[in-house]
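Written out below as structure tokens is the structure these notes cover.
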Amino acid sequence: MILLKTAADLRRHLLQLASTGDSIGFVPTMGALHNGHLSLIEASKKANAVTVCSIFVNPTQFNDPKDFEKYPVTIENDIVLLEKAGTDILFLPSVNEIYPNGTSHLPAYPLGYLETILEGKYRPGHFQGVCQVMDRLLTMVDADQLYMGQKDYQQCMVVQQLINYRQFKVKLLPCPTLRETDGLAMSSRNQRLNATERQQAVAVSQALTMVKNEIAAGDPAPLLQKAEQMLRDNGFKVDYVAIGSAADLSTVTHWDGQQPLVTLAAAYLNEVRLIDNMLIP
Ligand code: AMP
């Protein structure tokens with residue numbers, strides 16, 4: 001694995017590869033890697049000659065400064081895991097490399113409805129930050145295929161919107177959520193849970209599984225209230241439990257029993273905010 005820290009070095013390497021016509025797969029991350037991240041590397045390796053992974057904890061997407069401060073950093077372990085997984089290039093830029101003119105006058109992106117609901121509503125500015133960093137990274141990496149997790153369902157939609165808006169040639173491939181054996185979605189933030197919280201945390205996937213299993217045609221609101229209560233009973237402070245159209249996340253107030261849906265949740269266990277979602281059916 002080659003470790004590169006500057007966009008200029010990355011470009012030099014990728015230009016050499018481009019001349020051979022090799023396809024490039026890209027997996028952007030914020031580090032503190034787990035098997036969910038590694039499943040994206042594996043998907044990229046299967047379909048591309050070269051796999052680039054980036055690790056960059058993007059300051060502009062943290063609406064809560066405490067969350068940024070406490071975001072886990074395990075770079076040495078990450079390097080070992082990426083090397084073992086057969087990653088070709090690790091791009092490890094500094095904040096200055098990504099934002100050479102600072103972070104105060106970055107462009108704003110037209111995200112419309114997506115920015116006003118769910119994560120957009122509860123984390124103001126978060127998706128603008130995601131677009132700012134992804135715009136920079138996609139320009140620098142110039143990949144053919146981009147691998148991102150369905151775990152961040154709304155983020156995948158936002159990034160697809162960015163790709164359309166900026167007319168990047170890259171193809172976004174959303175990948176399934178990897179889970180611990182008890183069902184908890186793997187997440188870097190799980191490292192911040194203590195032993196008791198870790199046991200409580202499984203309630204998120206249990207509540208979503210309950211919604212998925214019990215949903216019937218009609219108004220899903222009572223089921224969502226039941227799921228919220230399950231989370232509260234397990235010590236969570238709930239931001240939302242919601243159901244939306246799987247295609248565009250628009251609200252569903254009366255399900256016809258057929259339309260593909262996604263059920264999503266975000267909730268705090270003390271200081272740690274967890275999110276998850278499941279497709280229906
Ligand atoms: P992050 O480092 O949290 O920004 O995540 C980097 C990428 O890994 C994003 O595309 C995430 O959606 C994806 N990811 C995070 N958790 C999982 C998981 N449990 N399974 C699959 N992909 C994941």
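Below, all heavy atoms of this structure are taken into account, side chains as well, without hydrogens, waters or symmetry copies.
Val27 and Leu33 fall within a single hydrophobic cluster, where Ile, Leu, Val, Met, Phe, Trp and Tyr are joined by side-chain heavy atoms under 4.5 Å apart, directly or via other members. Put simply, Phe127 and Leu137 are part of the same group of oily side chains (I, L, V, M, F, W, Y) that touch within less than 4.5 Å, one to the next. In this structure, Leu118 is a member of the same hydrophobic cluster as Val159, with clusters built from ILVMFWY side-chain heavy atoms closer than 4.5 Å. Under a hydrophobic clustering in which Ile, Leu, Val, Met, Phe, Trp and Tyr are joined whenever their side-chain heavy atoms come within less than 4.5 Å, directly or via other members, Val141 and Val170 fall into the same cluster. Clustering ILVMFWY residues whenever any of their side-chain heavy atoms sit less than 4.5 angstrom apart, transitively, puts Leu231 in the very cluster that holds Ile243.
Residue Lys169 places its NZ atom among more than 12 non-hydrogen atoms of other residues, nucleotides or ligands, all under 6.0 Å distant. Within 6.0 Å of CD on Gln199 lie no more than 12 heavy atoms contributed by other residues, nucleotides or ligands.
Note that CD1 of Ile117 is 6.5 Å distant from OG1 of Thr251, once rounded to the nearest 0.5 Å. Note: Met140 CE to Leu4 CG = 12.5 Å, rounded to the nearest 0.5 Å. Atom CE of Met30 is separated from atom CZ of Phe62 by 4.0 Å, given to the nearest 0.5 angstrom. Thr87 contributes atom OG1, which lies 6.0 Å from atom CE of Met1 (distance to the nearest 0.5 angstrom). Summarising the geometry, atom CZ belonging to Arg136 is positioned 11.5 Å from atom OG1 belonging to Thr60; distances are rounded to the nearest 0.5 Å.
Shortest non-hydrogen contact noted between Cys156 and Gly149 is SG-O, 3.3 Å. Looking at every heavy atom in both residues, Ala266 comes nearest to Glu119 through CB-OE2, 3.6 Å. For Pro72 against Arg192, the heavy-atom pair with the smallest separation is CD-CD, 4.3 Å.
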>> side chain to side chain contact (heavy atoms under 4.5 Å, CB included), that's the test. Do Leu184 and Arg198 meet it? Break it down for me.
In response: CA-CA 9 Å; Leu184 175 67; Arg198 172 62 189 83; 3.4 Å; yes
>> What verdict does the side chain to side chain contact (heavy atoms under 4.5 Å, CB included) test give for Phe56 and Ile98, after you've listed the backbone C-alpha separation in whole Å, the side-chain angles of each residue and the deciding distance to 0.1 Å?
In response: CA-CA 9 Å; Phe56 179 66; Ile98 297 290; 3.7 Å; yes
> Can Ser188 and His37 be said to form a side chain to side chain contact (heavy atoms under 4.5 Å, CB included), step by step?
Replying inline: CA-CA 9 Å; Ser188 305; His37 296 115; 3.4 Å; yes
> Passes side chain to side chain contact (heavy atoms under 4.5 Å, CB included), Tyr153 versus Thr177? Steps please.
Replying inline: CA-CA 10 Å; Tyr153 197 88; Thr177 303; over 6 Å; no
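Between Asp64 and Lys70 there is no salt bridge, since none of the side-chain N atoms of the basic residue sits less than 4.0 Å from a carboxylate O of the acidic one. A salt bridge is defined here as a Lys NZ or Arg NE, NH1 or NH2 lying under 4.0 Å from an Asp or Glu carboxylate O, and Arg179 with Asp276 meets this definition. Under the 4.0 Å criterion applied to side-chain N and carboxylate O atoms, Arg123 and Asp239 are not assigned as salt-bridge partners.
No side-chain donor from either of Asn96 and Ser94 sits under 3.5 Å from a side-chain acceptor of the other. With 3.5 Å as the limit, one finds no donor-acceptor pair spanning the side chains of Thr51 and Asn48. Remark: the Asn58 side chain and the Tyr99 side chain contain an N/O donor-acceptor pair separated by less than 3.5 Å. A side-chain N or O of Tyr109 and one of Asp135 form a donor-acceptor pair less than 3.5 Å apart.
Using cut-offs of 30° and 60° for the angle between ring planes, the Tyr122 and Tyr240 rings count as tilted.
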